[in-house]
There are 2 protein chains.
Amino acid sequence: MKTKEPADWREARRRSAHDTIIDVAWSLVSEEGLAGLTLRDLARRAGITAPTVYAYFNSKNAIYDAMFGRAATEFALTMAQPYECDDPRDQLVAIANRFSQFCTSSPTRYQLLFQRTLPDFEPSPESFAPAILALEGVRELLVVYGISEARHADIWTALIVGLVDQQISNDPGGDRWTRLIEESVDMFITHSQPNRGSRKHDSRPAQTKGIST
Amino acid sequence: MKTKEPADWREARRRSAHDTIIDVAWSLVSEEGLAGLTLRDLARRAGITAPTVYAYFNSKNAIYDAMFGRAATEFALTMAQPYECDDPRDQLVAIANRFSQFCTSSPTRYQLLFQRTLPDFEPSPESFAPAILALEGVRELLVVYGISEARHADIWTALIVGLVDQQISNDPGGDRWTRLIEESVDMFITHSQPNRGSRKHDSRPAQTKGIST
DNA sequence: GTCTATAGCTGGATAGAC
DNA sequence: GTCTATCCAGCTATAGAC
């Protein structure tokens with residue numbers, strides 16, 4: 001890498017143009033779908049022409065890769081933010097809620113990050129790295145809160161992913177499944193550590209809404 | 001509809017050509033991915049030319065629709081097959097295993113049927129109908145086996161779908177998540193009907209493999 | 001770095017002869 | 001119903017002037 005000092009601001013400027021394009025790309029795919037991204041649209045919305053995009057990215061997949069990288073970083077930052085709960089159970093609920101919030105707030109991002117649906121696209125190791133780290137971080141948290149067995153960690157991820165997936169697929173914008181997170185976490189805790197108590201759940205349909213969503 | 005009797009075999013012949021094309025289409029997408037289907041490939045593999053496809057289908061989406069319809073029918077047939085268990089718990093396990101088997105045996109079919117990932121494609125009501133019926137059938141079974149609350153049914157679907165989804169996404173061809181079905185079902189039963197007993201699970205990692213998979 | 005112009009390709013779909 | 005030939009639209013990507 002050239003680390004000449006004088007032209008540093010130039011690099012910064014280039015970086016910001018780079019980032020702007022990715023901004024626009026994200027706003028585009030959130031409207032048209034992941035596969036609906038075209039360089040023409042992207043350029044037009046960014047106020048440049050299609051060939052100019054190639055001044056910043058070598059290919060369309062390089063754009064997807066940068067989008068993936070940003071999403072992975074956002075994911076890492078989101079999940080690593082400190083949790084201000086004392087109770088382990090509340091902590092697990094908070095983790096699940098945060099994950100769910102992250103996914104449902106941008107289904108397209110969820111699709112790019114966690115579902116492999118784009119043909120001919122594989123994220124580069126560099127873009128992938130932050131996501132790996134974040135997932136490992138979550139797993140470590142699980143261990144801290146008593147879920148040490150791999151089997152249980154797998155059930156945990158399946159459970160949370162299942163809630164998110166059903167929410168996005170079958171009730172987009174709603175909360176039919178996300179509102180079941182607390183109850184599901186309690187179910188999981190009761191199963192994985194029967195000694196520790198999980199909170200009781202009454203059988204009435206609705207809980208006070210808006211708590212820690 | 002013309003219901004002239006004499007040319008009935010002609011209709012049958014046409015139907016079989018129709019079906020053959022869908023056969024080929026399925027074998028193609030299972031290799032190239034759902035979005036990778038092209039009329040040229042399809043025609044070549046079917047031993048005809050691209051325009052001839054239009055003798056049977058009005059558009060590419062009509063092909064997707066027919067594929068969806070077949071998948072939905074297969075799903076309905078699979079799930080409606082009689083369950084030969086006495087124990088309700090075993091029955092739930094059997095349902096989950098059957099669903100899981102259906103999905104993991106053809107991830108592409110799962111993708112078309114349950115995830116909305118194809119842009120500009122919506123299944124027609126006719127193609128959709130069998131899937132709806134099958135899902136209602138499953139839900140009725142759940143009620144029969146004691147899962148009557150809507151909340152619990154939603155948790156059930158999330159749990160099973162989550163296991164399948166993780167299996168397909170993160171361990172295709174393996175059984176890292178599908179082997180957790182029994183344990184997950186027991187967790188669910190314990191939660192949804194604490195009075196009825198679910199089978200015990202020891203904490204050792206592996207269970208005897210190959211049982212009712 | 002940004003443009004205009006365009007290459008080069010692939011895809012869905014149609015026309016019309018047989 | 002099946003073909004050949006072809007249209008037309010859309011895309012990614014490159015060439016080359018400025």
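What you see is a predicted model; the values in this text were computed from it and never measured. Letters A, B, ... are given to chains in the order of the sequence lines, protein chains preceding strands, and every chain is numbered from 1.
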- request: Flag the pair B/Asp23 and B/Arg70 as a salt bridge only when some basic side-chain nitrogen lies within less than 4.0 angstrom of an acidic carboxylate oxygen.
  value: yes
message: Just to verify, which of B/Phe75, B/Phe114, B/Phe68 counts as forming a ring-ring contact (aromatic ring centres under 6.0 Å, His included) with B/Phe128?
response: B/Phe68
- request: May I ask you to check whether B/Asp165 and B/Tyr110 show a side-chain donor-acceptor distance below 3.5 Å?
  value: yes
A/Ser30 and A/Ser27 side chains, donor-acceptor separation under 3.5 Å: no
When the distance from [atom1] of [X] to [atom2] of [N] is rounded to whole Å, what number comes out?
X        : N      : atom1 : atom2 : answer
B/Leu42  : C/dT10 : CG    : C1'   : 16 Å
B/Ile63  : C/dG11 : CD1   : P     : 14 Å
A/Arg44  : D/dG10 : CZ    : P     : 12 Å
B/Asp41  : C/dG11 : CG    : P     : 7 Å
A/Leu39  : C/dT10 : CG    : P     : 17 Å
B/Tyr64  : C/dG11 : OH    : C1'   : 12 Å
B/Phe57  : C/dG12 : CZ    : P     : 14 Å
A/Asp120 : D/dT12 : CG    : P     : 13 Å

Verify the contact: side-chain N or O of [X] to OP1 or OP2 of [N], cut-off strictly under 4.0 Å; return yes or no.
X       : N     : value
A/Tyr56 : C/dT2 : yes
B/Thr49 : D/dC3 : yes
A/Arg14 : C/dG1 : yes
A/Thr52 : C/dG1 : no

Choose from [options] the nucleotide whose nearest atom is closest to any side-chain atom of [X].
X       : options               : result
B/Ser59 : D/dG1, C/dC3, C/dA13  : C/dA13
A/Tyr54 : C/dG1, D/dA13, D/dC3  : D/dA13
B/Arg40 : D/dA13, C/dG11, D/dC3 : C/dG11

message: Is the positively charged end of A/Arg89 above the ring of A/Tyr145, judged by distance under 6.0 angstrom from the centroid and angle within 45° of the axis?
response: no
field: Upstream residue (5' side of DNA chain C) when A/Ala17 and B/Leu37 are each assigned their closest nucleotide
entry: A/Ala17
